[in-house]
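For reference, the structure discussed in these notes is given below.
Here is the naming used below: chain letters follow the sequence lines, and residue numbers restart at 1 for every chain.
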Amino acid sequence: MPGPGRTRPAGLIPHLYSQAMAVDEKETGFVKDIRKQSADFPGWYNDVVRKAQLADYSPVRGCMVIRPYGYAIWENIRDPLDALIKQTGHENWYFPALIPLSFLMKEAEHVEGFQPEFAMVTRGGGKDLEEPLVLRPTSETMIASVLRDYIQSYRDLPVLTNQWNNVFRWELRTRLFLRTLEFLWQEGHTFHETAAEAEEEVARMLDVYRQIAEDWCAVPVLAGRKSDTEKFAGAQYSTSIEGMMIDGKALQMGTSHYFGENFTRAYDLTFTGRNNERQYPHSTSWGMTTRMVGAVVMAHGDDSGMQLPPRIAPVQVIIVPIFRSDTERTQIENALVGVKEELKDIRVKVDWREERPGFKFNEWELKGVPIRLEIGPRDLAKGEATMVRRLDRSKRTVPLQELSLAIPAMLEEVQLALFKRARDFREQHTVRLDSLEALVKFFESSIGFVITPWCGREEDERTVKDRTTATTRVILSGSAGPDTPCAVCGRPATVEVSWGKSY
RNA sequence: CGGGGCGUAGCGCAGCCUGGUUAGCGCGCCUGCUUUGGGAGCAGGAGGCCGCGGGUUCGAAUCCCGCCGCCCCGACCA
C-alpha cells in the first residue's frame, strides 16, 4: 500500500555523493556530553533525549516534560498519522479523561489487565466522591458506554472514531518516552456490523502504523499477530508492529486489536441487524504513542547523538554562517536571502548564535539534523555552500543556485539510506533456528530476533522466557510448513514466530 | 514490595570518617575584550534553608534519631 510519503524524486541528481569528500577521522568522536552508545545503551539514550532537548524529567515521578524540539518531532509523526486516519474514513472525537470506576469493572479480562495501573480520583469539591473516577488508561469502556446511545441500527455502522489525548498508567519503572505514567497517543475505536469488516479494519490500521514507522520514521518493522500471553487485556487477538533498536531489543511501536463482541456485550451495545434481530457490533481499537519518538532515537542514533529521518525532522537543514568581521557577516546575510528563497519548501534554520562554528556543528549533530550547510567567505567567493550530511559526515560543495534541487534530493536520499541501514541491521541480527538449545545459546551471546516454528503453547513462552528473558514478538506466518516440529517442545508447529528481548 | 545508591548553586560533584574562620571545584549563566571553516581564551561578576524535622554540643553540611524524595537492579506494560 503506497503511503503518501512514498513518492520519491527518483531521477533527481542520482549519485550526488559519489564524489563526496572523505571524512576526516579527526572530525569524529567529539561528543563528550553523552555516554558511548556501545558501552552503555540506556545511559546513552537518556543522555541523548535530555541533551538534545527532546524531553526532561519533571517534578512528578515518572512523568516527563516534552520540550519544543521533542514535541515538534511528535507533531511531525502525528500529522501524517492523523491524515492517514482521516483518509481511511475515521473522525476525531473527544471523550472524557475521567472514567467512572464501574465502567472499567464491566469487562473482566480488561479490568484484570489494567487495574494495577489505575490512577484514581477519589475526592472533588472538597468531598469524597461517591464513585472513584479513574484517569483513563485507555477509552474502550467510555466509548462503548457512550456509543451505546448512538448506535441503533446496522445503518449506523460502521462507526469509525479516533481521539488524540493523554492516558495514564501507573507504571513501576519508567523511561523517557518509552514508558511514563502519562503519555500522548491516538486511540482509534471502531464498531462494525460483521467480524470480517472489523478484522479488515484491524489489519488496515496496523498497515497505517507500518507506513508511519517505515515511510516516515524510517524504522523497518515486523508486523503480525501477538501470542495470547502478549495480547491486550480484553482482546480476542492483538496485532503489533515491532522495530529493532540498535541494542538489538524489540520495541512495540503500534498495536491494533480485534475485540469481537467482547466489549459490546459487556456494555450491552447492540444494533438491529438486517434480519431485524438485535446483534452486537464487532469492535476494534488501535493506538500509536509518543513512544515513537524514542524509537527514532534508538533506531538511528550513534555516538554523536540523534539522526533524524528528514520527513520528521523539525529542522531539515541547519545553516551555520561563518564570518570574522561585520563585513563578512553582512555578505553572508545578503547571500542567505537568496538561499532561503531557493529552500522555501524546506524546514531551514539559520544559527546566528554567538557560538563558534565547531560548537554548532556538534550541537546540531547531537540534535540529528540531516543536513548542515556551512556558508563562509571561502564558499561565497565561489558562489557555493558546503553541504555536510549527518548520515556519514560526508561533505561536498554545492553551487548556491543548485540548492533547490540538491537539498530535496539529498533529504530523500538520506531518508532512504536511514531506512535501508536500519533494515540491514535488523536482517544481520535476525536468525532462523529450530531448537530450544540453539535459541538459548543465541540469546546468551547475541542480540536480535530469532524466528522459529512454534506450536503456540503458553508453556513454551514461559520456558523460553525463564531461560533467555526473550518473549514472542509477533507471529509472522500462520503456518510453519508440513511436519515441522515446534522449536521449543517438538510438538507439531502451527506458526512461525519471532522472539526477542523487548522494552 | 525486596536489594543497592544518592540528596550541598541551574547541572555534575568534593567536603562528612576525625565538628571549629567567609562552604569549595568543574560546567553553565552575566559583563567586557580578543576570537570564529569541528565543542575558544583571558579578566571580572552573580548565584546556597548543605532534602525536611528533632536531638547532642560553646559550636553541626559534618555526629545521633526520625521522616521525605529521587535514581539503579528484580515481579507488570504502548
Problem set entry | Spacing between A/E384 atom CD and B/rG37 atom C1', to the nearest angstrom | 14 Å
Problem set entry | Length of the line joining A/E365:CD and B/rG39:C1', which is rounded to integer Å | 11 Å
Problem set entry | Counter-base of B/rG74, judged by Watson-Crick or G-U geometry with both distances under 3.5 Å | B/rC1
Exercise. How are the rings of A/W499 and A/W454 set relative to one another: parallel (under 30°), tilted (30 to 60°) or perpendicular (over 60°)?
Worked result: perpendicular
For this session: Please determine, for B/rC13, whether a Watson-Crick or G-U wobble partner exists with both distances under 3.5 Å, and give it or none.
Result: B/rG24
Exercise. Does B/rU62 have a Watson-Crick or wobble mate here (both distances under 3.5 Å), and if so which one?
Worked result: none
For this session: With P as the reference atom in both, quote the distance from B/rG24 to B/rC67 in angstrom, rounded to an integer.
Result: 34 Å
Problem set entry | Gap in Å between the two P atoms, one belonging to B/rG10 and one to B/rC52, rounded | 14 Å
Problem set entry | Set of residues satisfying ring pair (Phe, Tyr, Trp, His ring centres under 6.0 Å) with respect to A/Y209, sequence neighbours excluded | none
For this session: Take the protein atom CZ of A/R378 and the nucleotide atom C1' of B/rU36, then report the distance between them rounded to whole Å.
Result: 12 Å
Problem set entry | Distance, rounded to the nearest Å, where A/R353 contributes CZ and B/rU36 contributes C1' | 14 Å
Exercise. Between A/E363 and A/K367, is there a salt bridge with N-O shorter than 4.0 Å?
Worked result: no
Exercise. How close or far is atom P of B/rG38 from atom CZ of A/R390, stated in whole angstroms?
Worked result: 17 Å
Exercise. Which value, in whole Å, describes the distance between the C1' atoms of nucleotides B/rU18 and B/rC13?
Worked result: 22 Å
Seminar exercise, completed: Readout for nucleotides 71-78 of chain B: B = base within 4.0 Å of protein heavy atom, S = sugar-phosphate only, - = neither; 5' to 3' it is S-S-BBBB
For this session: Could you give the distance separating B/rG45 and B/rG4 at their P atoms, to the nearest angstrom?
Result: 47 Å
Exercise. Can you list, by residue number, the residues of residues 323-335 of chain A that have a non-hydrogen atom closer than 4.0 angstrom to RNA chain B?
Worked result: A/F323, A/R324
For this session: Quickly work out the A/E355 CD to B/rG28 C1' distance and round it to whole Å.
Result: 11 Å
Exercise. Can you tell me if A/D40 uses its side chain to pair, donor with acceptor, with the backbone of A/R35 under 3.5 Å?
Worked result: no
For this session: Answer yes or no on whether A/R225 is positioned over the face of A/Y237, meaning its NZ or CZ is under 6.0 Å from the six-membered ring centre and within 45° of the axis.
Result: yes
Exercise. Mind checking what makes side chain to side chain contact (heavy atoms under 4.5 Å, CB included) contact with A/N166, not counting sequence neighbours?
Worked result: A/R136, A/F168, A/E182, A/L184
Problem set entry | Separation of the P atoms in B/rG51 and B/rC11, to the nearest angstrom | 13 Å
Problem set entry | hbond_proxy A/R356 side chain to B/rG37 base (donor-acceptor, 3.5 Å cutoff) | no
Seminar exercise, completed: The single option from A/K226, A/E109, A/E140 that satisfies side-chain contact (heavy atoms from CB on, under 4.5 Å) with A/F232 is A/E140
For this session: In whole angstrom, give the distance that lies between atom CD of A/E354 and atom C1' of B/rG32.
Result: 12 Å
For this session: Between B/rC70 and B/rC33, how far apart are the C1' atoms? Round to whole Å, please.
Result: 43 Å
For this session: Could you please name the partner base of B/rU56, counting Watson-Crick and G-U wobble pairs only when both distances are under 3.5 Å?
Result: none
Exercise. Of all residues at least two apart in sequence or in a different chain, which pass the ring pair (Phe, Tyr, Trp, His ring centres under 6.0 Å) check with A/Y503?
Worked result: none
Exercise. Quick one: A/R35 CZ to B/rG12 P, roughly how many Å, whole number?
Worked result: 11 Å
For this session: For B/rG39 versus B/rA43, give the span between their C1' atoms, rounded off to a whole number of Å.
Result: 22 Å
For this session: Could you list the residues that satisfy ring pair (Phe, Tyr, Trp, His ring centres under 6.0 Å) with A/H90, not counting sequence neighbours?
Result: A/W286
Problem set entry | P atoms of B/rG20 and B/rU36, separation to the nearest Å | 49 Å
For this session: Scan every strand shown for a Watson-Crick or G-U wobble partner of B/rA43, both distances under 3.5 Å, and answer none if you come up empty.
Result: B/rU31
Exercise. Does A/W185 have A/R169 sitting over its ring (NZ/CZ under 6.0 Å from centre, angle to axis within 45°)?
Worked result: yes
Problem set entry | Mate of B/rC50 where both pairing distances stay under 3.5 Å, Watson-Crick or G-U | none
For this session: Using the side-chain hydrogen bond (donor to acceptor under 3.5 Å, both in side chains) rule, pick out the option among A/K360, A/R390, A/R393, A/Q307 that qualifies with A/E365.
Result: A/R393
Exercise. Mind checking who B/rC6 pairs with, Watson-Crick or G-U wobble, both distances under 3.5 Å?
Worked result: B/rG69
